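Source: prediction; values computed, not measured. Note that the numbering runs from 1 along the sequence shown for the chain.
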Amino acid sequence: MSTEENPAAAPRSLAEALRGRDDVSLAALLRSRPDLITPVPTDLTQLATRAGTRASVVRALERLDRFTLQAAQALAVASDPATYGELLGLMAGDDGDPAVSAALPHALGTLREQALVWGGEDRLRLVRTARELLAPSPQHPSPTGLGPTVREAAAGMSPGRIQEIVATAGLPSTHDSVSALEALAGLFSDPERMSALLDQAPSESVEVLERLVWGPPYGQVTADPAPRLRWLLDRGLLLPTAPGTVVLPREVALRLRAGRAHRTTEPVPPAVEAAAAHPPRIVDATAAGQAYTALATVEELLKDWHEGGPAVLRAGGLSVRDLKRTAVALDVPEPVAAFWVELAYAAGLLASDGEADERYAATPAYDEWLERPAGERWARLVTAWLAATRTPGVVGERDAKDRTLSALGPGLDRSAAPEVRHRVLALLAGLPEGAAPDGESLLARLRWERPPRVVRTGGGAPSPYARRTPAQPAEGARGAAARAETPGYAEDGRSGAGGEDDPRSRLARWTLAEAEMLGVTGRGALSTHGRALIGAPAPRHAEAEAEPTGPGDKLPVHHRQAPAPPVLSPAEQATAAAAAARLLEPLLPEPLDHVLLQADLTAVAPGPLQRPLADMLGVLADVESKGGATVYRFTPGSVRRALDAGRSAADLHAFLAAHSRTPVPQPLAYLIDDVARRHGHLRVGAASSYVRCDDDAVLNEILADKRAAGLGLRRLAPTVLAARTDPAALLEGLRAMGFAPAAESAEGDVLIARADAYRTPPRTPPAPVPDGPPVPDDTLLAAAVRAVRAGDLASTAPRRPVGGEAAGSAPGELPRTSAADTLATLQAAVLTNDTVWIGYVNAEGAASQRVIAPIRVEGGFVTAYDHTADEVRTYPLHRITGVAELAD
């Protein structure tokens, strides 16, 4: 039995309470509060001290659910120590509440497990730091709405005035103020006497109390209070705290509230309701379509940046103008474009090149990604999304220094994002198959599980979620569809509920929208492959695939929520992603190996194309429209682009004939032959640059053209022109004038502009910014508990003096003995197989104490089993400060 359960061995401190726990309980504490083992504490006293620090307590309180936090708030206004009955009365009230009575033991167990409460049920103590954070004060009102106690409120009141209040309240006078305040508090806490006192109160005075009873408990009065206030002040029902300010004492408020610390307690989490139901096959098909669109969008984004994307801002990130251009190219609103850019960056497919003129471009990993099957490519995107802390939803807002947050720039990390994403998907997995959640009920559940911050942390910078700057979206067919399908991404880049949401609610809204865009969900419901992605088991009772009467039919769902899927380790997440990819793969459309050529110089791809065909067609033609079928248009510029890539006219004719289900139209054949006949007639090389042509009439035509004025052309010979511009600018200028020049090398050979794109050097994806220390695994927990136990044994085990000299003058001090006594004690311990306590200073000068069982002493070293490290180690004798035998 632990000391917390044994009244005869009631702990006197948190350290003693922890010392009475078993290893399983200590491991549970370290798992729920991983900051306590960073680094591993030397003993249980240090663990208790660290568990009571302000930063650690704030972190623990912010991770409590609403009811458990309400229990901690009730303990903060209860007596110290409090009994379980007193806590139950504050939570359930005088009339009682069966739901509260049933839920309170679990909430109290959670507070005990996290070392926020210690002591037996007859002496419950809230950790002092938690009480300071949650107890009411004039500067920081309590969420309970309660004020100070009678004793705290009357601390600065004169003894004579206290006696006057006691007498007016009908209590006998006392000899001192302490007993007088105790008598007054006893009156306010007694239901019968309090009721009798309030029966005498004027109705106007009762109205004043009713306005203050649920908080805030402070009010303003004039120098000459009205009679209704004077009646309350004379009887101590209101007490002055400062000139012109009065407060309702805590005892009075609790009696008026029928003993409740909170107006409303929430012992049961709100259920996530279903807003609509769809057949699971429809959900999976819709999600698969969205997944295919996601892959196509990422490919289109990086293809648009093949030759080097936008420049990197000096402060980092993408400029507003470049984001607009990207949104227009993808035909989506700017917030959605920011999401796709950030997703490619998180997946390691996009990065900056690191050059002096730094630009964004695809990474070598993008080429490897393109070669993978579609399911595996999707899995890489969604696993990167699940783990990413960068949040594109805040792009366009301003940070604490009033700087605009840009896509791919700094300041986008929100460490809570991965946890919120996983929790939202877990709640969706708890609904029946094919059920789409009601958004408000989902947010209500999340707010119950992790209430918005209510503990005071001592100030700091304002929240980065506080200010927003709207961004205008780019219009287009896909943009309208994206807005219709992703309600969390509004046109101004903000969530639907906007500024009223707390940060976690905004993250949840973005999660719902992003999951729909990625194909994790379909029509708002979690898909089969989305369920596998988070490791959720398949529903035990699948819903019948009956067609609903309408997409928005409300379904009254009253069922027990399925247990949340576990948080997966990286290896488990990789396995789950592979399983999700296998489930998705059959649902994706099969790539086609043909197109339909038309007489209007267009080609229609009735579905996704195979990779080689799509790549070649992307060089030979320009995309004109997208949708269920993609329309490509052949132009002189697109044909010239294919010729620049090293293809001949014969190659292009053969390619089109091999991949078209219709004959090659005559206009298209003429276009290819015409462009090929003129291609390379002009040659551009590097002087600064030059143009040469065997036909001097063509050069005369160029010189006579007014559009050539900016190129700085000058005739060097009948067939050669020199230019002030570089070859690339000269090529573009001549092409803009309608010519088809070709670049040549210093040897005079035609340079082939291959379709191979510019790539950055190898880059690693951005590392997520963790929300505190990671949760330790079982191996680390076992080692940490063993080390803390051993260190505690070393610091608390009774020691016997050596040679008449105290081994240590105070707990925690290293033992100090002479070299001769140290050697003699260690040699004796080897013979008797005893365990001893030593002080040790390592090579870096760090001192520690250890409990060892010496095995061998020779050559200036002692070899021993170290109980602290749970292994055999060798220590130089000159680094041992002293040794002490452990008492029997």
Engineer: Please examine the side chains of L343 and L518, heavy atoms only from C-beta on, and report whether any two atoms are closer than 4.5 Å.
Structural biologist: yes
Engineer: T662 vs Q598, test: side-chain contact (heavy atoms from CB on, under 4.5 Å). Steps then yes/no.
Structural biologist: CA-CA 8 Å; T662 59; Q598 301 184 106; over 6 Å; no
Engineer: With a cut-off of 6.0 Å (strictly less than), are more than 12 heavy atoms of other residues, nucleotides or ligands near CG of D694?
Structural biologist: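 Counting other residues, nucleotides and ligands, CG of D694 stays at 12 neighbours or fewer.
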Engineer: So which atom in A708 and which in M737 form the shortest heavy-atom distance, rounded to 0.1 Å?
Structural biologist: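 Answer, listing the atom of A708 first, then M737: CB-CE, 3.9 Å.
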Engineer: Got a donor-acceptor contact below 3.5 angstrom from the S648 side chain to the D651 backbone?
Structural biologist: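 Yes, because the side chain of S648 sits within donor-acceptor range (under 3.5 Å) of the backbone of D651.
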Engineer: Can any side-chain N or O of H529 pair as donor or acceptor with the backbone N or O of G519 at less than 3.5 Å?
Structural biologist: yes
Engineer: When rounded to the nearest 0.5 angstrom, what is the spacing between CG in L703 and CZ in R715?
Structural biologist: 5.5 Å
Engineer: Any chance you could lay out the side chain to side chain donor-acceptor pair (under 3.5 Å) test for T528 and D284, step after step, and finish with the verdict?
Structural biologist: CA-CA 6 Å; T528 302; D284 290 345; 2.8 Å; yes
Engineer: Once you round to the nearest 0.5 Å, how far does CZ of R633 lie from CG of D600?
Structural biologist: 5.5 Å
Engineer: How far does CG of L668 sit from CG of D673, to the nearest 0.5 angstrom?
Structural biologist: 9.5 Å
Engineer: Flag the pair W340 / T326 as yes when at least one side-chain heavy-atom distance between them is below 4.5 Å, and no otherwise.
Structural biologist: no
Engineer: Treating R641 as the side-chain partner and V619 as the backbone partner, does any N or O pair qualify as donor plus acceptor under 3.5 Å?
Structural biologist: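 Flag set: sc R641 to bb V619 pair under 3.5 Å.
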Engineer: If only atom types and distance count, is the side chain of S660 paired as donor or acceptor with the main-chain N or O of A657 below 3.5 Å?
Structural biologist: no
Engineer: Under 4.5 Å between any side-chain heavy atoms of Y632 and L620, yes or no?
Structural biologist: no
Engineer: Just how far is it from atom CG of L370 to atom CG of L302, taken to the nearest 0.5 Å?
Structural biologist: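 Here the interatomic distance stands at 8.0 Å.
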Engineer: Go through the structure and list residues passing side chain to side chain contact (heavy atoms under 4.5 Å, CB included) with P636, not counting sequence neighbours.
Structural biologist: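 Counting only residues at least two positions away or on another chain, P636 forms a side chain to side chain contact (heavy atoms under 4.5 Å, CB included) with L671, V675.
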Engineer: With a 4.5 Å cut-off on side-chain heavy atoms, are L381 and L295 touching?
Structural biologist: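 With C-beta onward as the side chain, the pair touches.
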Engineer: Looking at E701 and D696, would you say the former's side chain and the latter's main chain have a donor-acceptor pair under 3.5 Å?
Structural biologist: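 No, E701 side chain to D696 backbone: no donor-acceptor pair under 3.5 Å.
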Engineer: Check whether R692 reaches the backbone of V720 with its side chain - one donor and one acceptor, N or O, closer than 3.5 Å.
Structural biologist: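 Side chain of R692 to backbone of V720: no pair is present.
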Engineer: Between D322 and R325, does at least one N-O distance fall below 4.0 Å, as a salt bridge requires?
Structural biologist: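 Yes.
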Engineer: Quick one: CG on L596 to CZ on R661, what's the gap to the nearest 0.5 Å?
Structural biologist: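 It is 8.0 Å, given to the nearest 0.5 Å.
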Engineer: Do W378 and V520 have side chains that get closer than 4.5 Å, going by heavy atoms?
Structural biologist: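 Yes. Closest side-chain heavy atoms under 4.5 Å.
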Engineer: Run the salt-bridge test on D674 and R677 with the 4.0 Å N-O cut-off and return the result as yes or no.
Structural biologist: yes
Engineer: Answer whether the closest heavy-atom distance between the side chains of E514 and R421 falls below 4.5 Å.
Structural biologist: yes
Engineer: Could you check if a side-chain atom of F634 sits within less than 4.5 angstrom of a side-chain atom of L597, using non-hydrogen atoms only?
Structural biologist: yes
Engineer: Quick one: side-chain hydrogen bond (donor to acceptor under 3.5 Å, both in side chains) pairs with a partner in residues 574-583, sequence neighbours left out?
Structural biologist: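 Counting only pairs at least two positions apart or across chains, no side-chain hydrogen bond (donor to acceptor under 3.5 Å, both in side chains) contact touches residues 574-583.
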Engineer: Can you give me the closest heavy-atom contact between G317 and S406, atom names plus distance?
Structural biologist: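 For G317 versus S406, the nearest heavy atoms are CA-OG, 3.8 Å.
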Engineer: Return yes if some donor-acceptor pair links the side-chain N/O of T389 with the main-chain N/O of V769 below 3.5 Å, else return no.
Structural biologist: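 Such a contact is found between T389 side chain and V769 backbone.
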Engineer: Might you work through the side-chain contact (heavy atoms from CB on, under 4.5 Å) test for T521 and L512, ending with a clear yes or no?
Structural biologist: CA-CA 8 Å; T521 60; L512 291 173; over 6 Å; no
Engineer: Measure the shortest side-chain to side-chain distance between L318 and Y345 over non-hydrogen atoms and say whether it is less than 4.5 angstrom.
Structural biologist: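 Heavy-atom side-chain distance check fails, nothing below 4.5 Å.
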Engineer: Is a side-chain N or O of R390 found less than 3.5 angstrom from the main chain of L412, in a donor-acceptor match?
Structural biologist: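 It does not hold such a pair.
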Engineer: Closest approach of L584 and A291, non-hydrogen atoms and distance?
Structural biologist: CD2-CB, 4.0 Å
Engineer: Spell out, as yes or no, whether a donor-acceptor pair under 3.5 Å connects the side chain of T363 to the backbone of G348.
Structural biologist: yes
Engineer: Not counting sequence neighbours, which residues clear salt bridge (Lys or Arg N to Asp or Glu O under 4.0 Å) with D353? List them please.
Structural biologist: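 So D353 forms no salt bridge (Lys or Arg N to Asp or Glu O under 4.0 Å) with any residue.
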Engineer: Say you draw a straight line from CZ of R377 to OH of Y366; how long is it, rounded to the nearest 0.5 Å?
Structural biologist: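 Interatomic distance, R377 CZ to Y366 OH, rounded to 0.5 Å: 8.5 Å.
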Engineer: Testing the basics here: between R523 and E516, what is the closest heavy-atom pair and its distance to 0.1 Å?
Structural biologist: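 Scanning both residues completely, I find the closest heavy atoms to be N-OE2, 2.9 Å.
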Engineer: A577 and A379: which non-hydrogen atoms are nearest, and at how many Å?
Structural biologist: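 Here A577 and A379 meet closest at O-CB, 3.7 Å.
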Engineer: Do E342 side-chain atoms and L408 backbone N/O form a donor-acceptor pair below 3.5 Å?
Structural biologist: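 Yes: the side chain of E342 pairs with the backbone of L408.
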Engineer: Kindly indicate, with the supporting measurements, whether the criterion side-chain contact (heavy atoms from CB on, under 4.5 Å) is fulfilled by V639 and H679.
Structural biologist: CA-CA 10 Å; V639 174; H679 184 263; over 6 Å; no
Engineer: Is there a side-chain contact (heavy atoms from CB on, under 4.5 Å) between L609 and T630? Walk through the geometry before answering.
Structural biologist: CA-CA 10 Å; L609 299 177; T630 304; over 6 Å; no
Engineer: State, to 0.1 Å, how close T511 and W385 come at their nearest heavy-atom pair, and which atoms those are.
Structural biologist: O-CZ2, 3.9 Å
